[in-house]
Amino acid sequence: MAVDPNRADIQRFVQEDPGGPVVMLNLVRFKEGGRASYAEYASAVMPFLLKAGGQPLYAGDGSTALVAESGQSWDAVLLVRYPSRAAFLQMVEDPEYQRISHLRTAALQEAVLQATSPWATSPKP
């Protein structure tokens, strides 16, 4: 299962950039014993996140899935806002960040890392 973006993922992320801020949706499933490694990563990533202008919006444990196929529940959900996709890329491409990224990779069995864009107006019911 994928836990890290590949070159094609990064290229598409850049090409599809609508401009402006981005909120990254993180859905993670831990490997056996991976929660401790992820906690270490979460602590180590904060200086990089703040340097990039990132702001954690929400982090919490997954709970009961009301609507989901089997296997679609997640151990944790995180939302992080960045001023731009470029700021996010600058963070993950930082050589110092690369030295800690193995903690995230080692912790995860599966992940979704999805860029989101705000709606221009409130959705109509």
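Applying the side-chain hydrogen bond (donor to acceptor under 3.5 Å, both in side chains) test to every pair with at least one member in residues 68-84, sequence neighbours left out, gives no pairs at all. Residue pairs satisfying the salt bridge (Lys or Arg N to Asp or Glu O under 4.0 Å) criterion with at least one member in residues 20-47, sequence neighbours excluded, are listed as follows: Arg29-Glu110, Arg35-Asp61. Applying the ring-ring contact (aromatic ring centres under 6.0 Å, His included) test to every pair with at least one member in residues 14-34, sequence neighbours left out, gives these pairs: Phe30-Tyr38.
Residues satisfying the side chain to side chain donor-acceptor pair (under 3.5 Å) test with Gln114, not counting sequence neighbours, are none. Taking the side-chain contact (heavy atoms from CB on, under 4.5 Å) definition, one finds that Pro118 meets it with nothing, sequence neighbours left out. For Phe13, the ring pair (Phe, Tyr, Trp, His ring centres under 6.0 Å) partners two or more places apart in sequence, or in a different chain, are Phe88. When the side-chain contact (heavy atoms from CB on, under 4.5 Å) test is applied to Gln11, the partners found at least two apart in sequence or on another chain are Gln15. Contacts of Leu79 classified as side-chain contact (heavy atoms from CB on, under 4.5 Å), with partners at least two apart in sequence or in another chain: Val23, Leu25, Leu57, Tyr58. Listed by chain and residue number, nothing satisfies the side chain to side chain donor-acceptor pair (under 3.5 Å) test with Ser101 (two or more places apart in sequence, or in another chain). Residues passing the salt bridge (charged side-chain N to carboxylate O under 4.0 Å, His left out) test with Lys51 are Asp94, sequence neighbours excluded. Taking Pro18 as the reference, Arg85, Ser117 meet the side-chain contact (heavy atoms from CB on, under 4.5 Å) condition, with sequence neighbours excluded. Taking Arg7 as the reference, nothing meets the salt bridge (charged side-chain N to carboxylate O under 4.0 Å, His left out) condition, with sequence neighbours excluded.
Considering all non-hydrogen atoms of both residues, Ala111 and Leu108 come closest at CB-CD1, 4.0 Å. Closest of all the heavy-atom pairs between Pro56 and Leu49 is CD-CD2, 3.7 Å.
The hydrophobic cluster containing Val14 also contains Tyr97, counting ILVMFWY residues as joined when their side-chain heavy atoms lie under 4.5 angstrom apart, directly or transitively. Connection of Leu78 to Val112 is not established within any shared hydrophobic cluster, with ILVMFWY side chains joined at heavy-atom distances below 4.5 Å, either directly or through further cluster members. In the hydrophobic clustering of ILVMFWY residues, with side-chain heavy atoms under 4.5 Å counting as a link, Val3 and Val80 come out together.
Under the 4.5 Å side-chain criterion, counting only non-hydrogen atoms from C-beta, Asp4 is in contact with Arg104. A heavy-atom distance below 4.5 Å is not found between the side chains of Gln55 and Pro83.
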Practice problem: Mind running side chain to side chain contact (heavy atoms under 4.5 Å, CB included) on Met24 and Thr116 for me, showing each step along the way? | Solution: CA-CA 6 Å; Met24 298 298 290; Thr116 70; over 6 Å; no

Quiz item: Would Val92 and Leu89 satisfy side chain to side chain contact (heavy atoms under 4.5 Å, CB included), going step by step from the backbone distance to the final call?
Solution: CA-CA 5 Å; Val92 298; Leu89 284 176; 4.3 Å; yes

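To the nearest 0.5 angstrom, Ile100 atom CD1 is 5.0 Å from Phe48 atom CZ.
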